[in-house]
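These values consider heavy atoms only, across backbone and side chains, with no hydrogens, waters or symmetry-generated copies. Letters go in sequence order (proteins before strands), and every chain restarts at 1. Nothing here was measured: the structure is a model prediction, and the numbers come from that model.
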There are 2 protein chains.
Amino acid sequence: MEVRRQDIHNSDIPVVCRACEARHGGVCGVLTPEQLGELNKHSSRHRLDTGAEVIGQGETVVNYSNIIRGVVKLTKVMADGRQQIVGLQFAPDFLGRPFLEESAITAEAATESEVCNFPRQVLDRLVRRTPELEHKLHRQALKELDEARDWMLTLGRKTAQEKVASFLHLIATHVDPENIETTVFDLPLSRADIADFLGLTIETVSRQFTKLRKENVIRIENNRHVSVPDMDRLMRYAGND
Amino acid sequence: MEVRRQDIHNSDIPVVCRACEARHGGVCGVLTPEQLGELNKHSSRHRLDTGAEVIGQGETVVNYSNIIRGVVKLTKVMADGRQQIVGLQFAPDFLGRPFLEESAITAEAATESEVCNFPRQVLDRLVRRTPELEHKLHRQALKELDEARDWMLTLGRKTAQEKVASFLHLIATHVDPENIETTVFDLPLSRADIADFLGLTIETVSRQFTKLRKENVIRIENNRHVSVPDMDRLMRYAGND
DNA sequence: CGCGCCATTTGATTTTGATCAAGTGAAAAG
DNA sequence: CTTTTCACTTGATCAAAATCAAATGGCGCG
């Protein structure tokens, strides 16, 4: 009986969703098969090259997305071109700002990525009828808020060295959706992006990487591949005692 | 008939809530008279002196609050004492982090304030039964997230002068709950708090105030009373073109 | 293989804001 | 009325990170 019900349910779930890596952790996880089916009718998967823009600052929001794979950066730019990354989103995060017509930020792929898009209106309608979905989105918004506030402390009060170490720790705890903390990983961001994330220049970021490497806090190969022999030590360099 | 219903409703609303300045803008605005009555049974109003702590970083959350009057600052501290204000909340904002046992931040009154406290459990229960309430809290979380991200750009990429000008503009647009923008106002924060908000030192903040005053961007009396003759000019100094 | 491209690193110098150290002024306390 | 206190301002010097300027080092391509 239990098994049979399971079967029926599975067959109700859209084929593309069944194998979706983001289905359980992401917003889709709270939907019933019927709702998933409805959403799926209007949704589409896309591959994004590094640098591909999902939405631009000031543009009208037509789609929300789920990140299936990859890292998406959220940036704000000033009129004179100064730029700040205000958030990094990893799979299976939801991507979008509910209840606003116009995006206040630019979202673009930091790495080669994959997303699942669905029209704003379809999800908005679904949210109104599904308290669990709003709850899920609410939790994600609160998580992003916590992360943003952690980062404000980093931006406002930490030294360049602490900023870079904090960034490495952030990546170590987020790149792999499977693991809470990874000690060997590839940086999803270029030095320029890291600088934009940390409120520093490329040169300062590079110098701090060199310093951390010379003090054996990290090892680096090919610019992007990092290993951290002692995560606690890195944490201390990040100012997190 | 319409009038009579209104009367019945009014008589159902708890006496203390009827005159509450925060009732309409705040979370209470979405509650039915019955729900308001239930919440009110467990809630209590408190006056807060400047500096009074609402909750401390790392403490267990027992209460949520509504700000009735005044300004509350949200701060994060590092182990060595470095401090960053990560949010300013004005009446009638909701104060609290739903769905988390432990507070990641300290909240304290930046000015003499008044809040209405209610037990975490009572509101949590109410949220589960009231989608409109969760929607309201969700919207507030998203508003705070937008503000946090705006501020990240300020912290990471703006000069000291732009930071101070940005702060003045923020205050001008938030101190008076009645008005979108005020040109004459009292600063709700000391120089030390402003420094903690902007990621600067007291001395740098002071020097930038002097500079803005000398260039007639602002006038200052008694350290706290500010008037802005030309808000667009201030905006330009803030780097918002 | 050699060339050019691009990201990154490294070096020299400058600038911004922090730090250290006195002042000032207004309000509270004696 | 004087003294103390506290928040804020001002000044001199210092240090961290920005800026300007060259190297370096893969990597794709002819």
To the nearest Å, give me how far apart [atom1] ([X]) and [atom2] ([N]) are.
{"X": "A:His225", "N": "D:dG25", "atom1": "NE2", "atom2": "P", "result": "21 Å"}
{"X": "A:Asp80", "N": "D:dA18", "atom1": "CG", "atom2": "C1'", "result": "15 Å"}
{"X": "A:Asp193", "N": "C:dA7", "atom1": "CG", "atom2": "C1'", "result": "12 Å"}

Any ion pair linking [Y] and [X] (charged N to carboxylate O, less than 4.0 Å)?
{"X": "A:Arg149", "Y": "A:Glu144", "value": "no"}
{"X": "B:Arg236", "Y": "B:Glu162", "value": "no"}
{"X": "B:Arg191", "Y": "B:Asp193", "value": "no"}
{"X": "A:Lys73", "Y": "A:Asp196", "value": "no"}

5' to 3', nucleotides 9-22 of chain C under a 4.0 Å protein heavy-atom cut-off (B base, S sugar-phosphate only, - none) gives BBBB----SSBB--

Each nucleotide of nucleotides 24-29 of chain C classed B (base within 4.0 Å of a protein heavy atom), S (only sugar-phosphate) or -, in 5' to 3' order, makes ------

Residue pairs passing the side chain to side chain donor-acceptor pair (under 3.5 Å) test with at least one member in residues 172-186 of chain B, sequence neighbours excluded, are B:Asp176-B:Asn179, B:Asp186-B:His225

Ring pair (Phe, Tyr, Trp, His ring centres under 6.0 Å) pairs touching residues 47-74 of chain A, sequence neighbours excluded, are A:Tyr64-A:Phe94

Taken in chain and number order and not counting sequence neighbours, the residues that satisfy salt bridge (Lys or Arg N to Asp or Glu O under 4.0 Å) with A:Arg233 are none

Please tabulate, for the side chains in residues 208-216 of chain A, all donor-acceptor contacts under 3.5 angstrom to protein atoms that are two or more places apart in sequence or on a different chain.
from, atom 1, to, atom 2, distance (Å)
A:Gln208, OE1, A:Gln161, NE2, 3.4
A:Thr210, OG1, A:Ser206, O, 3.0
A:Glu215, OE1, A:Tyr237, OH, 2.7

